[in-house]
Amino acid sequence: MTLGELGPGCRCRVRRLCARGVLCRRLMDLGFYPGVRVKVLRNAPLRDPVELEIDGYFLSIRRNEAHEVEVESHEA
């Protein structure tokens with residue numbers, strides 16, 4: 001499953017990044033790496049961008065970028 005498929009309130013853990021090149025580097029710079037916990041806070045009205053909480057800070061990324069992050073479900 002990917003981060004872009006999750007709805008508000010879902011918690012997950014990053015498994016791997018599917019992106020390549022510049023996008024992969026950008027996601028890593030934002031804090032996406034295997035094992036990090038992520039919570040989906042909300043979606044914009046047209047579902048883009050997605051607001052997330054990761055490592056204690058908030059960020060928004062585009063939905064197509066979120067689809068490049070493979071995650072596994074994580075409760076609490």
Side-chain angles (χ1 to χ4, degrees):
M1 133 180 24
T2 67
L3 189 56
E5 297 170 359
L6 300 178
C10 293
R11 295 176 188 263
C12 61
R13 193 178 292 261
V14 175
R15 290 187 61 195
R16 70 182 185 102
L17 297 178
C18 301
R20 300 271 187 251
V22 177
L23 179 57
C24 182
R25 185 70 198 162
R26 179 176 183 270
L27 291 171
M28 289 176 68
D29 288 344
L30 289 172
F32 291 95
Y33 53 88
V36 71
R37 292 179 181 162
V38 179
K39 180 179 180 184
V40 179
L41 298 176
R42 61 182 154 204
N43 296 319
L46 297 176
R47 293 186 41 94
D48 200 27
V50 179
E51 186 177 356
L52 308 167
E53 181 179 358
I54 181 171
D55 272 349
Y57 67 94
F58 304 100
L59 73 133
S60 295
I61 61 173
R62 295 180 185 107
R63 184 158 301 276
N64 64 341
E65 295 170 343
H67 281 295
E68 298 294 329
V69 181
E70 188 177 306
V71 298
E72 59 189 19
S73 180
H74 176 72
E75 296 302 321

*To the nearest 0.5 Å, how far apart are CG in Asn64 and CG in Leu23?*
7.5 Å
*How many angstroms lie between atom CG of Asp29 and atom SG of Cys24, to the nearest 0.5 angstrom?*
9.5 Å
Can you name the nearest heavy-atom pair linking [X] to [Y], along with the distance?
| X | Y | value |
| --- | --- | --- |
| Val50 | Arg63 | CG2-NH2, 3.3 Å |
| Gly31 | Ile54 | O-CD1, 3.4 Å |
| Leu17 | Met28 | CD1-CG, 3.5 Å |
| Ala66 | Thr2 | O-CB, 4.1 Å |
| Leu6 | Cys12 | CD1-SG, 3.7 Å |

*Test side chain to side chain contact (heavy atoms under 4.5 Å, CB included) on Asp55 and Tyr33 and set out the steps.*
CA-CA 11 Å; Asp55 272 349; Tyr33 53 88; 3.2 Å; yes
*Is a side-chain N or O of Arg11 found less than 3.5 angstrom from the main chain of Lys39, in a donor-acceptor match?*
no
_side chain to side chain contact (heavy atoms under 4.5 Å, CB included) for His67 and Glu5? Distances and angles first, verdict last._
CA-CA 7 Å; His67 281 295; Glu5 297 170 359; 4.1 Å; yes
_Arg15 CZ: over 12 foreign heavy atoms closer than 6.0 Å_ = no
*Compare all side-chain heavy atoms of Phe32 with those of Val71 and state whether any distance is below 4.5 angstrom.*
no
*Candidate list Glu68, Glu72, Glu70, test side-chain hydrogen bond (donor to acceptor under 3.5 Å, both in side chains), partner Arg16, passing option*: Glu70
*asked:* side chain to side chain contact (heavy atoms under 4.5 Å, CB included), that's the test. Do Leu3 and Val38 meet it? Break it down for me.
replied: CA-CA 9 Å; Leu3 189 56; Val38 179; 4.0 Å; yes
